[in-house]
Amino acid sequence: MSNICVIGVGYVGLVTGACLADLGNRVVCLDVVQEKIEKLKKGVLPIFEPGLEEIVRRNAEAGRLEFTTSYDEGLREAEFVYIAVGTPSGNEGEADLSYVAAAAEQVARRLAQPLILVNKSTVPIGTGDWVADIVHEHRADDVEFAVVSNPEFLREGSAVYDFTNPDRIVLGSTNRQAAERVAELYAPLQTRSIITDLRTAEMIKYASNTFLATKISFINEMANICEAVGADVLEVARGMGSDKRIGPAFLSAGLGWGGSCFPKDVKALAHIAAMHGCHPQMLRAVTEINYDQRKRVIIKLRDVLGSLRGKTVGVLGLSFKPNTDDMRDAPAVEIIHYLQNEGAQVRAYDPVAVASAQKILKNVVYSETPYAVAEGADALILVTEWNEFKQLDMQRIVRSMRQPVLFDTRNVYDPGKMKALGFIYRGIGRGYGHNGQTH
Ligand code: NAD
């Protein structure tokens, strides 16, 4: 059993804190946002993440998990301090490290017993050394500490599963012993630890995320070519993905990536590269392909409907991916803005993200059901592939629409079946050759 303080109770911090408590540690989760901490003390989660509520409740009841806004309280007995605060994009695409710096300074000012600072936030290469400098600068006494980089690879929507079943734990430090002590915290997970130096660990995280984003942009570029030449990208992906050297994951053509990680991490690595005299042309192309994919929705919709002025468009799904309420850089936001700019009225439905969406999107009518979104609409766009959209009564939907245009941006539906029901169906990357349908 170790005493751990986790700074930042967002998607990463809360999952990490709750799961480390579940492994038998005593964890205090700390955040500067009072409202979040008040809610958590009452057992109410500030985010939606499957399975998390139960783990938080169980460990809080067992006395292993506490919440606070006080650094004094959080750090009192801490042997390990996890930094899991946000590192959003700055104006030039660089990672904004102000939250990391603030957290490190608070820890330094209270450094009373030796501790290991574990950095979970995704940070530019060299940040670990910089955090060590901050602690050196602000600590009152000569108390020992070490900085360990421990990048996080969990996915929102399956974060608890990913924390408990990681493919590997990456640890980087200038102090091998400190890295090994952090590795011991994960020993119950029986996974492989990769222990390396600080900068390499930080780079592994960026390299992993940008590679995954590249895979998605790659298949989207293939999808666009498939549309032009009459091939079906689903089968292309299946054919490619069966090759062991390629693998099937992250080869789903669609609207591309969004969320709080890939967009900012690809931009941040491109910025880091440029600032070190490299020319990150592939990373720039990966981003360009991704954002063009959102514009193509409008272009393709205009092809079918003509002008979008005065048309009613229904949007199914708002969050950046299923099983989360996270709206950060969700494709739905940009697509809805484009639709509104073209004069369309937008209706939307999402099983959990409406409250988050309302803070960002204006003049959208939120419907209670997917059927209400479709009723009287000129087009229905499936944006987020929530499971509940996979088994809708599509006959009811096609009958209720003013114009039966279905734009399936996640390739969830069978084009042939949709066409047979009377839809004017559009998917992504499903060319002329497939079931006789176009686009
Ligand atoms: P988040 O925005 O959901 O949470 C960050 C939390 O930190 C917020 O609750 C905020 O109030 C708190 N905070 C900010 N400054 C603070 C301070 N000085 N002291 C205490 N709390 C403070 O962010 P997130 O999505 O959990 O991401 C955190 C980090 O983990 C980022 O660097 C991100 O890139 C990385 N990451 C995220 C994911 C993901 O799926 N969300 C996955 C892997 C890595």
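Every number for a ligand or one of its atoms is a count from 1 in the order of the listing.
For ligand 1, the polar-atom distance check finds an N/O of E156 within less than 3.5 Å of one of the ligand's N/O atoms.
A heavy-atom distance below 4.5 Å is not found between the side chains of F80 and L20.
Nearest to atom 32 (O) of ligand 1 among the protein's heavy atoms is T87 OG1, 2.6 Å. Counting protein heavy atoms only, atom 17 (C) of ligand 1 is closest to Y71 OH, 3.5 Å. In terms of protein heavy-atom proximity, atom 15 (N) of ligand 1 is nearest to Y99 CD2, 3.5 Å. The protein atom (non-hydrogen) at minimum distance from atom 23 (O) of ligand 1 is R328 NH1, 3.8 Å. For atom 43 (C) of ligand 1, the nearest protein heavy atom (residue, atom name, distance) is E152 O, 3.3 Å. The protein atom (non-hydrogen) at minimum distance from atom 44 (C) of ligand 1 is T122 OG1, 3.6 Å. Here the protein heavy atom with the shortest distance to atom 20 (C) of ligand 1 is I7 CG2, 3.3 Å. Of the protein's non-hydrogen atoms, the one nearest atom 6 (C) of ligand 1 is D31 OD2, 3.7 Å.
Near K36, meaning under 4.0 Å from any of its heavy atoms, are these atoms of ligand 1: 8 (C), 9 (O). Counting atoms of ligand 1 from 1 in the listed order, those under 4.0 Å from a heavy atom of C261 are 36 (N), 37 (C), 38 (C), 39 (C), 40 (O), 42 (C). The atoms of ligand 1 that sit less than 4.0 Å from any heavy atom of K205 are 43 (C). Of all atoms in ligand 1, listed by their number and element, those nearer than 4.0 Å to a heavy atom of G86 are 5 (C). Which parts of ligand 1 touch K264 is read off a 4.0 Å heavy-atom cut-off, strictly below it: atoms 33 (C), 34 (O). Ligand 1 places these atoms under 4.0 Å from at least one heavy atom of L154: 40 (O), 42 (C). For ligand 1, the atoms closer than 4.0 angstrom to any heavy atom of L30 are 20 (C). Close approach of ligand 1 to V33 is summarised as follows: ligand atoms under 4.0 Å from at least one heavy atom of the residue are 11 (O).
Relative to atom 4 (O) of ligand 1, the option among G10, G8, G74 with the closest non-hydrogen atom is G10. Of all the listed residues (V12, V85, V15), V85 holds the heavy atom that lies closest to atom 16 (C) of ligand 1.
Salt bridge annotation for K42-E38: absent, with no cationic side-chain nitrogen under 4.0 angstrom from a carboxylate oxygen.
Within 6.0 Å of CZ in R58 there are more than 12 heavy atoms belonging to other residues, nucleotides or ligands.
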